[in-house]
*Asks:* 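Got a structure for you, written out below as C-alpha cells; questions coming shortly.
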Amino acid sequence: MTETCRAALWYDNDITITNSDFGGIKALRECGNVTMADCKITSTEFGWFCRNLTVNNCELTSEYPFLKCFDSEFDDLNMTAKYSFQYTQNITIRNSNLNTKDAFWRSKNVTVYDSVVKGEYLGWYSENLRLVRCKIIGTQPLCCAKGLILEECEMIDCDLSFEKSEVRAVVLGNIMSVKNPYSGKITADSITEVIMDNTDSQCEIKVSGC
C-alpha cells in the first residue's frame, strides 16, 4: 500500500493476504472471512468491526487495532499497539507477543495461550477473559472483570491487581500487590502486598505452602 493510502479493504469478504507489507490508517474494516499470514502491517485503526479473521505469523504496528472484532483467531502475532482488542468477542490468541495498553477492555470470551501480554490496565471490565501460561507485565491489571481465569501465569510488575474482579487465578512466582478482589480464589507462590480495605470482598487469597 502507498503512503497516502488511508482506507484499504472495507466491506470485503473471503480474502487471503500473504507475504505482504500492508498499510493504510484505517485498513481492513467491516470485513469477514479474512486470512492473513506472514505479513507486516502498519495501520493506526486496523481490523475494526471484522469477523472471522485468521492471523498467522504477522507483525503489527498500530494504535487502536481490532475494535469490536468477533469470532477470530491469532497465532504468532507480534504486536505493538495501545488500545487493542477492545469490545472484542470470541477471540483466541496463541504464541504471541502483545506490547500494548488497555488491551481487552470490555471484551467477552477471549482466551490467550502461551503469550506475553505487556501493558497498563489490562483487561478492565472484561467478561470471561482466560489467560493460560501467559506472562502478564504492567501496572493495575485485570480489574473490574467478571469470570476472569488465570492458569499457570506469571505476573511481572503487577501492582493493585484484580481490584473488584471475580477471579480464579493460579500465578507462578510473585505478585507485587493484590487489591480488593471481589470474589473467587487467587493462589500465588508469593504476594508482596495484599490490600483489603473493602469489607465486601469474598475472595480467598492463598500463598503456596502457607
Side-chain angles (χ1 to χ4, degrees), residues 63-67 74 77-210:
E63 184 168 337
Y64 205 154
F66 306 116
L67 175 68
F74 302 81
L77 173 65
N78 188 3
M79 183 183 75
T80 300
K82 289 185 179 179
Y83 317 108
S84 55
F85 295 103
Q86 294 192 357
Y87 295 92
T88 55
Q89 292 188 34
N90 306 325
I91 301 293
T92 302
I93 302 170
R94 301 177 187 273
N95 307 309
S96 294
N97 189 352
L98 310 179
N99 187 351
T100 182
K101 179 182 177 179
D102 293 0
F104 308 120
W105 274 50
R106 299 193 183 277
S107 64
K108 292 184 180 181
N109 306 326
V110 172
T111 302
V112 186
Y113 296 96
D114 302 302
S115 297
V116 177
V117 186
K118 180 180 180 181
E120 301 173 357
Y121 321 119
L122 299 168
W124 282 41
Y125 307 104
S126 60
E127 185 174 337
N128 301 330
L129 174 62
R130 181 179 173 220
L131 301 163
V132 182
R133 298 181 301 275
C134 289
K135 182 177 288 187
I136 302 159
I137 305 170
T139 187
Q140 298 182 54
L142 306 170
C143 298
C144 304
K146 295 181 179 180
L148 175 65
I149 298 174
L150 277 68
E151 301 177 21
E152 298 183 0
C153 291
E154 296 179 69
M155 298 183 71
I156 311 299
D157 298 329
C158 292
D159 61 328
L160 308 178
S161 308
F162 306 121
E163 186 172 8
K164 298 181 180 178
S165 286
E166 301 172 359
V167 54
R168 290 188 291 121
V170 176
V171 176
L172 307 179
N174 180 257
I175 306 174
M176 183 179 292
S177 64
V178 171
K179 182 179 180 181
N180 294 333
Y182 180 71
S183 65
K185 183 177 181 179
I186 299 167
T187 301
D189 291 339
S190 62
I191 302 173
T192 302
E193 183 180 17
V194 177
I195 303 166
M196 297 294 282
D197 52 19
N198 183 351
T199 57
D200 293 332
S201 176
Q202 302 174 30
C203 186
E204 178 185 355
I205 299 175
K206 182 179 179 181
V207 175
S208 298
C210 295

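Please read all numbers here as calculations on a predicted model, not as lab measurements.
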*Asks:* Looking only at heavy atoms, what is the nearest atom pair of N109 and N128, with distance?
*Replies:* OD1-ND2, 3.0 Å

*Asks:* Between R130 and Y113, what is the shortest heavy-atom contact and its length?
*Replies:* NH1-OH, 3.3 Å

*Asks:* Should F162 and I186 count as side-chain neighbours, where that means a heavy-atom distance under 4.5 Å?
*Replies:* yes

*Asks:* Looking at M79 and T100, what are the two nearest heavy atoms and their distance?
*Replies:* CE-CB, 4.0 Å

*Asks:* Under a 3.5 Å distance rule, please check whether S115 uses its side chain to pair with a backbone N or O of N95 as donor and acceptor.
*Replies:* yes

*Asks:* How far does CG of N78 sit from CG of N99, to the nearest 0.5 angstrom?
*Replies:* 8.5 Å

*Asks:* Shortest non-hydrogen contact from C143 to L160?
*Replies:* SG-O, 3.7 Å

*Asks:* If the test is side chain to side chain contact (heavy atoms under 4.5 Å, CB included), which one of L131, D114, L98 qualifies with I93?
*Replies:* L98

*Asks:* Angle between ring planes, F66 versus F74, binned at 30° and 60°: parallel, tilted or perpendicular?
*Replies:* perpendicular

*Asks:* About how many Å separate CZ of R106 and SG of C144, when rounded to the nearest 0.5 Å?
*Replies:* 9.0 Å

*Asks:* If we ignore hydrogens and angles and just use 3.5 Å, is the side chain of S96 paired with the main-chain N or O of R94 as donor and acceptor?
*Replies:* yes

*Asks:* Check whether any side-chain heavy atom of V110 lies under 4.5 Å from a side-chain heavy atom of S126, and answer yes or no.
*Replies:* no

*Asks:* Is the backbone N or O of E163 less than 3.5 Å from a side-chain atom of Q140, with the two atoms forming a donor-acceptor pair by type?
*Replies:* no

*Asks:* Yes or no on side-chain contact (heavy atoms from CB on, under 4.5 Å) for L142 and L129, after CA distance, side-chain angles and deciding distance?
*Replies:* CA-CA 9 Å; L142 306 170; L129 174 62; 3.9 Å; yes

*Asks:* Any idea which heavy atoms bring M196 and P181 closest together, and the distance?
*Replies:* SD-CD, 3.8 Å

*Asks:* Donor-acceptor pair, distance only, cut-off 3.5 Å: does the side chain of S183 make one with the backbone of C203?
*Replies:* no

*Asks:* Strictly distance-based, threshold 3.5 Å: is any side-chain N or O of N174 a donor or acceptor partner for the main-chain N or O of S190?
*Replies:* yes

*Asks:* Compare all side-chain heavy atoms of L67 with those of Y87 and state whether any distance is below 4.5 angstrom.
*Replies:* yes

*Asks:* Donor-acceptor check, side chain of S107 to backbone of Q89, threshold 3.5 angstrom: yes or no?
*Replies:* no

*Asks:* Between N180 and S201, do the side chains contain an N or O donor and an N or O acceptor separated by less than 3.5 Å?
*Replies:* no

*Asks:* How many angstroms lie between atom OG1 of T187 and atom CG of L150, to the nearest 0.5 angstrom?
*Replies:* 11.0 Å

*Asks:* Measure up the Y125 and W105 rings against each other and bin them: parallel (under 30°), tilted (30 to 60°), perpendicular (over 60°).
*Replies:* perpendicular

*Asks:* Are I191 and V171 close enough that some pair of their side-chain heavy atoms sits under 4.5 Å apart?
*Replies:* no

*Asks:* CG/D102 to CG/L122 distance, rounded to the nearest 0.5 angstrom?
*Replies:* 8.0 Å

*Asks:* Nearest heavy-atom pair of G173 and D189: which atoms, and what distance?
*Replies:* N-OD2, 2.7 Å

*Asks:* Would you give the length of the straight line joining atom CD of E154 to atom NZ of K135, rounded to the nearest 0.5 angstrom?
*Replies:* 5.0 Å

*Asks:* Once you round to the nearest 0.5 Å, how far does NZ of K164 lie from NZ of K179?
*Replies:* 8.5 Å

*Asks:* Would you say D157 and M176 make side-chain contact, with heavy atoms under 4.5 Å?
*Replies:* yes

